Amino acid sequence: MTTDASDAVEIRNALLRLRRGTGLPVAFGGLLEAGQQMRISELSGTATHALRSLVVTSGTGLGGKTVALARPCVVTDYSASRQISHEYDAPVAAEGLRSVLAVPVVVRHRVRGVLYGALRTSLPLGGRMLDAALEAARDLERALVVRDEVRTLAAGAGAGPGWERVREAHAALRALAPRIADPQLRAEVHEVCALLTAESAGPARVGLAPREVDVLACVAAGATNAVAAERLGVTPETVKGYLRSAMRKLRARTRGEAVVAARRAGWLP
């Protein structure tokens, strides 16, 4: 499995939340691509590109140990630690990292990736930092679950892979429109959104409020409630309220079913 553009966005968002929650200046991570190998695809706060595209095998280094054990692992001095193997000392040293934590991203009891946070000094990484890192991983897990569900249901409904970029563009435009001050330009953006959904319009459109459609567009792109809230400039609780209302109107039991129902009704591409 390779990391696509939408997954990369979610990983980057998770890394930013990890840095904000832990106060750690450096974060990086990636998803498992084949077998038990993970590629570090996203960097945040790094000074070099030494870690980019580094392939980590299960059981090796700190991240590989995290994959193998499916639990968080921490070292206070990476290069001197006796708790891990040292296949990746050179790129870690090139970035100047010392204290590093790694937390697994677990979806349906399977490790799908790893998020790392790091310091350039040798200091203990306390329980609060680990808790914040785990919360960032949980957010990414929820995003991947929703994305998997949407892809499965969409495939069952006959949606082709060519629609993925259209759907991402639609979600981005829906999130952008409320922030445009010029009413004429805002209306033009909504017209573009309508063009993107015209071909999928069903015979009987369920009545959804504009903000309910905005939230569903974010969910369709795999966003968690927290990420959708950031994109739309509202609180996560507000997102939950709009989502519950939309699901009730669409008679959907899950987020994924709501997205598919909204597509069939012509609200989403």
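Starting from 1, each residue takes its place in the sequence as its number. Nothing here was measured: the structure is a model prediction, and the numbers come from that model.
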(request) Apply the test side chain to side chain contact (heavy atoms under 4.5 Å, CB included) to residues Leu32 and Arg112: give CA-CA distance (whole Å), side-chain angles for both, the deciding distance (0.1 Å), then the verdict. (result) CA-CA 5 Å; Leu32 269 68; Arg112 288 276 294 273; 5.8 Å; no
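- Under a hydrophobic clustering in which Ile, Leu, Val, Met, Phe, Trp and Tyr are joined whenever their side-chain heavy atoms come within less than 4.5 Å, directly or via other members, Leu15 and Val227 fall into different clusters.
- Residues Arg120 and Leu97 meet the side-chain proximity criterion, which asks for heavy atoms closer than 4.5 Å.
- A donor-acceptor contact shorter than 3.5 Å is absent between the side chain of Glu10 and the backbone of Leu140.
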(request) Could you walk me through whether Ile84 and Cys73 pass the side chain to side chain contact (heavy atoms under 4.5 Å, CB included) test, one step at a time? (result) CA-CA 10 Å; Ile84 60 172; Cys73 297; over 6 Å; no
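- Listed here is the closest heavy atom pair of Ser85 and Gly61: OG-N, 2.9 Å.
- Distance CG/Leu31 to CG/Leu115: 8.5 Å, rounded to 0.5 Å.
- Smallest separation of non-hydrogen atoms from Ala137 and Pro104: CB-O, 3.7 Å.
- A salt bridge is absent between Glu135 and Arg138: the closest approach of a Lys/Arg side-chain nitrogen to an acidic carboxylate oxygen does not fall below 4.0 angstrom.
- For the pair Leu54/Glu87, no side-chain contact is recorded, criterion being any heavy-atom separation below 4.5 Å from C-beta on.
- Note that CG of Leu134 is 11.5 Å distant from CG of Asp139, once rounded to the nearest 0.5 Å.
- Rounding to the nearest 0.5 Å places CZ of Arg248 at 11.0 Å from CG of Leu243.
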(request) Check step by step if side-chain hydrogen bond (donor to acceptor under 3.5 Å, both in side chains) holds for Gln83 and Ser81. (result) CA-CA 5 Å; Gln83 307 302 314; Ser81 175; 5.5 Å; no
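- A pairwise comparison of heavy atoms in Arg19 and Val26 identifies NE-N, 4.3 Å as the closest pair.
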(request) Would you check, one step at a time, whether the test side chain to side chain contact (heavy atoms under 4.5 Å, CB included) holds for Val92 with Leu62? (result) CA-CA 11 Å; Val92 172; Leu62 183 67; over 6 Å; no
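- Cluster membership for Met38 and Val75, using ILVMFWY side-chain heavy atoms within less than 4.5 angstrom, is shared.
- In this structure, Ala228 and Cys218 approach most closely via the heavy-atom pair CB-CB, 3.8 Å.
- At a threshold of 4.5 Å between non-hydrogen side-chain atoms, the residues Arg211 and Val234 count as touching.
- Side-chain atoms of Glu95 and Thr46 form no donor-acceptor pair, as typed in the model, at a separation below 3.5 Å.
- Tracing side-chain contacts under 4.5 Å through hydrophobic residues (I, L, V, M, F, W, Y), one never reaches Leu16 starting from Leu130; they form parts of separate clusters.
- Salt bridge absent: Arg128 and Asp131 never bring a charged side-chain N and a carboxylate O closer than 4.0 Å.
- Note that the CG atom of Leu51 and the NE2 atom of His49 stand 11.0 Å from one another [nearest 0.5 Å].
- There is no side-chain donor-acceptor pair under 3.5 Å between Thr235 and Glu237.
- With a 4.5 Å cut-off on side-chain heavy atoms, Val105 and Val111 do not count as touching.
- Two residues are said to be in side-chain contact when any heavy atoms from C-beta on lie closer than 4.5 Å; Ser41 and Ser53 fail this criterion.
- Here the shortest heavy-atom pairing between Ala8 and Glu42 reads CB-OE2, 3.3 Å.
- When side chains are defined from C-beta on, Val219 does not count as touching Met247, because their heavy atoms never get closer than 4.5 Å.
- Note that CG of Leu144 and CD1 of Ile11 are 7.5 Å apart. Values are rounded to the nearest 0.5 Å.
- Although no hydrogens or angles enter the test, the distance criterion places no donor-acceptor pair under 3.5 Å between the side chain of Arg231 and the main chain of Arg174.
- Each of Thr76, Thr121, Asp77 was compared with Arg98 under the side-chain hydrogen bond (donor to acceptor under 3.5 Å, both in side chains) criterion, and only Asp77 meets it.
- Counting heavy atoms from C-beta on, the side chains of Glu33 and Val55 never come closer than 4.5 Å.
- Interatomic distance, Tyr116 OH to Leu24 CG, rounded to the nearest 0.5 Å: 14.5 Å.
- Here the side chain of Ser99 pairs a donor or acceptor atom with the backbone of Leu123 at under 3.5 angstrom.
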(request) Would you sort out whether Arg20 and Glu230 count as a salt bridge (charged side-chain N to carboxylate O under 4.0 Å, His left out), showing the intermediate values? (result) CA-CA 14 Å; Arg20 285 199 299 266; Glu230 290 178 9; 3.2 Å; yes
(request) Test side chain to side chain contact (heavy atoms under 4.5 Å, CB included) on Trp267 and Leu216 and set out the steps. (result) CA-CA 9 Å; Trp267 288 109; Leu216 286 171; 5.9 Å; no
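- Under a 3.5 Å cut-off, the side chain of Glu212 and the backbone N or O of Leu208 do not form any donor-acceptor pair.
- Looking at Ser44, its side chain never comes within 3.5 Å of a backbone N or O of Phe28 through a donor-acceptor pair.
- Annotation: side chain of Val56 is not in contact with side chain of Val114 (no heavy-atom distance under 4.5 Å).
- Considering every non-hydrogen atom in both Val103 and Ala133, the closest pair reads CG2-O, 3.8 Å.
- By the ring pair (Phe, Tyr, Trp, His ring centres under 6.0 Å) test, Tyr242 is found to be paired with no residue, residues two or more places apart in sequence or in another chain being considered.
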